[in-house]
Each structure stands twice: as C-alpha cells, then as structure tokens.
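These notes are about the structure you will find just below.
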Amino acid sequence: GGATPVPGTTYTVNTTTQTGSDAGCVATPGDCTLTEAINATNTNPGPDTITFDIPGNTNPVLPITTELPTITGAITFNASTNGDCFGVGVTLDGTGAVPGARGFVLDQQSTDPGGLTSILGLGVTGFRSDGIVIRNARDVLVDCSSSRANAAGVLIRDATDITLGTQSDSVYIVGNTNDGLDIRNSARVRVIGAHLGTPYFAGYGNGGSGAWVTDSTDVHIHASRIGGNGGDGVAVYGNSSRVRIYADYIMVGNGGDAID
C-alpha cells in the first residue's frame, strides 16, 4: 500500500512552522513543513528538490526550535526566492533553538550520494552550534547563502568535492562566535568569492579564524574577503597539503596572522 516513490520529486515548503498539522508533505490546502520535506526526500529515491512557496512571504524566516532532520542524500535545496544572489531567500532562525541544535546538516553517509547536491539561497543564523554542516558528503555546491551569528559558521568534515560560492559576494560566513569556516579531513574544497568575516561592520568578524584548515588536501580559497576575525585570517594545520590562497583580499582587523 501507499504511494509509489517517484525519483526526482519536488517538495514545496508552504509554511514557516517547523511541525505540520497533517501526516507528511501535503500541498496546499494542506501543509508541507521543512521538516516534512526533508523527511520525504530522505525516504524517496533521489535526487529530489526542496523549494519554498510561502504565501505572503517573499523572504521568509523559519523559527527553528529543535534540530531539523539530517539530509542524507543528493538534493537540490533551492531557497532562493528572487533568482539572483543579492541576499538569501529563506532564513533558518535558531535563536530559540535548544542548545546544541545545528542549523542545516547534510550527512550523506556515503561516498556516492547519487548526484550533485546544491544548496542555494539559504541563510542560517542564531544557532548555538554549527550553522551549516557538510559531512561524509561528495559533490556539494553552496551558493548565494550565509551562515551568520552562530556558534560556528560552516563545518566541512570528511567530505570531497565541495564548492562554496561561484562568484563575488555569493557566500557570507560572518559574525560567528568561533571559526567562520572549519575544513577538516576533506579534499578538493573550493571557496570562491566568500566573505569570511569583515572589519567594516560591527559584529561581522568571526570570533575565531576566518578559515581553519586541518588535515585536508587540495583546498583553494579564491577571490574572497577575509578580515575582522578574532583569530587568523586563514589557519592551516595538521597534515594539510596543496592549500592555495590566492587573489584574496585579506583585510585588516584579524586578531592573529593573515595566514598561519
């Protein structure tokens, strides 16, 4: 019994609430919460798509109280509501979340997730843990997105072929309490056109380093703005190799070295 799974299904979130009033992701006049949409993609053969169409809300803010389900497969997560990179479309607000809740977690638990994962137009703020986590993942693009004012900005761990940004000013990792970008035990990571802190606006520097790279290989940080952080601009440690930092604007105001 039950509906037959359809590969490549699109699930449209149509409410800002975290828990729904019905069983599962149901189109209007029902509801499809973000929790329900993620659960649906995790059980449906993918890669699937999550989009947003919340009535009367061009740039919706979704209050998050408990950690959302972890995304476990390839997905297009399209939170962009205006079709460009000038500002995020949907924001996950964790100011009321339980301690330890992370904002947005992708853990594919596999070396072959079955396709490219794209995260577009997403803002994550106010969580007392990591804003965005990409772990055990492969072939992931994060673009037109931000992680701001969390305990930590973006964690990339045990991952391969990860790209943050495609153009200037396309990813903002700013104002986080600890490190902005934390790359651990990963390979082939590209950071393009990102803001990793900034000294020009109060509270937009990260409390730790702009980027922290540990035990990772083939990491490129390119055409990014890095400044105003409490620690180093970019810190490279452990058994890291082939880490390239080029055509970047490493600005004043880092508490440590520009590059360590």
Side-chain angles (χ1 to χ4, degrees), residues 2-3 5 9-44 46-82 87-109 117-137 140 142-155 172-173 175-177:
T9 298
T10 295
Y11 299 95
T12 301
V13 177
N14 58 13
T15 176
T16 59
T17 60
Q18 188 173 356
T19 56
S21 59
D22 46 52
C25 187
V26 179
T28 305
D31 62 30
C32 180
T33 69
L34 180 54
T35 296
E36 291 168 337
I38 293 173
N39 284 334
T41 64
N42 285 342
T43 57
N44 193 65
D48 298 314
T49 297
I50 292 178
T51 62
F52 293 79
D53 185 10
I54 298 174
N57 219 325
T58 304
N59 298 103
V61 175
L62 278 60
I64 305 299
T65 56
T66 59
E67 186 168 303
L68 291 162
T70 296
I71 295 174
T72 58
I75 185 176
T76 295
F77 188 95
N78 188 2
S80 176
T81 57
N82 54 13
V88 300
V90 174
T91 298
L92 307 181
D93 183 355
T95 54
V98 297
R102 299 166 295 177
F104 182 91
V105 183
L106 173 71
D107 189 338
Q108 295 174 329
Q109 305 166 355
T117 288
S118 298
I119 303 166
L120 310 172
L122 175 66
V124 182
T125 188
F127 287 86
R128 286 173 281 179
S129 187
D130 298 298
I132 297 174
V133 177
I134 300 170
R135 187 169 184 174
N136 299 316
V140 178
V142 180
D143 204 16
C144 306
S145 297
S146 71
S147 182
R148 179 176 63 85
N150 303 291
V154 176
L155 171 63
Y172 283 76
I173 305 174
N176 299 289
T177 305

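Owing to the predicted nature of the structure, the values given are computational and were not obtained by experimental measurement.
Counting heavy atoms from C-beta on, the side chains of L155 and I134 never come closer than 4.5 Å. For the pair S118 and N78, the minimum side-chain heavy-atom distance is 4.5 Å or more. Counting only heavy atoms from C-beta outward, the side chains of T91 and T125 approach each other to under 4.5 Å. V142 is listed as a side-chain neighbour of V140, based on a closest heavy-atom distance under 4.5 Å. Counting heavy atoms from C-beta outward, V13 and D31 have side chains that stay 4.5 Å or more apart. At a threshold of 4.5 Å between non-hydrogen side-chain atoms, the residues F104 and L92 count as touching.
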Could you go through the side-chain contact (heavy atoms from CB on, under 4.5 Å) check for F77 and L34 one step at a time?
-> CA-CA 11 Å; F77 188 95; L34 180 54; 3.7 Å; yes
From CA spacing to verdict: side-chain contact (heavy atoms from CB on, under 4.5 Å), D48, Y11 = CA-CA 8 Å; D48 298 314; Y11 299 95; 4.2 Å; yes
List the steps and the verdict of side-chain contact (heavy atoms from CB on, under 4.5 Å) for T16 and I54.
-> CA-CA 7 Å; T16 59; I54 298 174; 3.9 Å; yes
In sequence, state the C-alpha distance, the side-chain angles, and the governing distance for T70 and L106, and then conclude on side-chain contact (heavy atoms from CB on, under 4.5 Å).
-> CA-CA 6 Å; T70 296; L106 173 71; over 6 Å; no
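Of the residues T49, I119, N42, T117, the one that meets the side chain to side chain contact (heavy atoms under 4.5 Å, CB included) test with I75 is T117. Between F52 and the options N14, L62, T15, N59, a side chain to side chain contact (heavy atoms under 4.5 Å, CB included) holds for only L62.
Side-chain polar atoms of D107 and N136 form a donor-acceptor pair below 3.5 angstrom. Between T95 and D93, the side chains place a donor N or O and an acceptor N or O closer than 3.5 Å (distance only, hydrogens not considered). Side-chain N/O atoms of T33 and Q18 include no donor and acceptor closer than 3.5 Å.
One distance of note links CG of N150 with CG of N176; it measures 5.0 Å at 0.5 Å rounding. Here the straight-line distance linking atom CG of N39 with atom CD1 of I71 works out to 10.5 Å at 0.5 Å rounding.
Between the side chain of S147 and the backbone N or O of G153 there is at least one donor-acceptor pair closer than 3.5 Å. The main-chain N or O of A40 is found under 3.5 Å from a side-chain atom of T43 such that the two form a donor-acceptor pair. Within the 3.5 Å criterion, the main-chain N or O of I132 finds no donor-acceptor partner in the side chain of D130. With hydrogens and angles ignored, the 3.5 Å screen pairs no side-chain donor or acceptor of Q108 with any backbone N or O of T72. S129 contributes no side-chain N or O that, together with a main-chain N or O of A101, makes up a donor-acceptor pair within less than 3.5 Å.
Closest approach of V61 to P63, counting heavy atoms only: O-CD, 3.4 Å. The minimum heavy-atom distance between P60 and G89, with the atom names listed, is CD-O, 3.4 Å. Looking at every heavy atom in both residues, A151 comes nearest to R128 through CB-C, 3.4 Å. The two residues C32 and T12 make their nearest non-hydrogen contact at CB-O, 3.3 Å. The shortest heavy-atom contact between G121 and A79 is O-CB, 3.3 Å.
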